[in-house]
Amino acid sequence: MKLIISIVQREDSDALLKALTEAGHKATLVSTTGGFLREGNATLFVGVESDGVEEVLELVRENCHTRTRYLSPIVPVTEPSEFYIPQPVELEVGGATVFVIDVERTERY
Ligand code: 2BA
C-alpha cells in the first residue's frame with residue numbers, strides 16, 4: 001500500500017477531493033500553510049493499493065493548475081526608501097507537490 005501526500009493550492013482542493021471520492025478513493029483534506037509564501041494551501045492524504053497510484057496521480061494532474069503569485073519584497077533597512085522602488089517578484093506556484101510513500105502497515109479500529 002502507498003500513501004500519496006499532495007500539497008495543492010486551496011483553489012484546486014475541492015475539485016480534487018470530489019474527483020478522488022467519485023473515483024472511489026478515500027481521501028483526507030487538511031488545511032496547511034506553505035513555508036515560503038506563508039499562504040494557506042491544502043494537503044490531501046490518499047491511501048491506495050499500489051495499482052491505484054497512477055490513477056490518483058492522474059487525477060491530481062488533471063485538477064491542479066499552475067498559477068502566478070506576486071511577492072512584494074520588503075524594503076531593506078539599509079536602503080534609503082526614496083531611492084528604492086520595490087518590484088513585485090513573480091512566482092509560479094503549483095499545480096501540486098506530491099510525495100508517494102510506502103506504507104508498512106495500516107490498521108483501522
Ligand atoms: P510555499 O513554501 O509557500 O511555496 C510557494 C511557492 O514559492 C513554491 O511553489 C515555489 O514556486 C516558491 N518557492 C518556495 N520556496 C522557494 C525558495 N526557497 N526560493 C524561491 N522560490 C521558492 P511550489 O514549488 O509549487 O510549492 C507549493 C507548496 O508546496 C509550498 O508552498 C509548500 O507548502 C509545498 N512544498 C513544496 N515543496 C515542498 C517540499 N520539498 N517539502 C514540503 N512541502 C513542500
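No hydrogens, no waters, no symmetry mates; every other heavy atom, side chains included, goes into these values. In listed order, ligands and their atoms are each counted from 1.
The line from CG of N63 to NZ of K18 is 9.5 Å long, rounded to the nearest 0.5 Å.
A donor-acceptor contact shorter than 3.5 Å is absent between the side chain of D12 and the backbone of V8.
F36 has its side chain within reach of L91: a pair of non-hydrogen atoms, C-beta onward, lies under 4.5 Å apart.
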Dump all N/O pairs between ligand 1 and the protein below 3.5 Å as a table: atom names plus distance, one pair per row.
| unit_1 | atom_1 | unit_2 | atom_2 | d |
| --- | --- | --- | --- | --- |
| ligand 1 | 2 (O) | G35 | N | 3.2 |
| ligand 1 | 2 (O) | F36 | N | 2.8 |
| ligand 1 | 3 (O) | F36 | N | 3.4 |
| ligand 1 | 3 (O) | L37 | N | 2.8 |
| ligand 1 | 11 (O) | E92 | O | 2.8 |
| ligand 1 | 25 (O) | G94 | N | 2.8 |
| ligand 1 | 33 (O) | N41 | ND2 | 3.0 |

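Residue E104 qualifies as open at atom CD: its count of foreign heavy atoms under 6.0 Å is 12 or below.
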- Apply salt bridge (Lys or Arg N to Asp or Glu O under 4.0 Å) to E39 and R69, showing your working. CA-CA 11 Å; E39 274 185 11; R69 288 275 190 279; 2.9 Å; yes

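Side-chain polar atoms of H65 and Q9 form no donor-acceptor pair below 3.5 angstrom.
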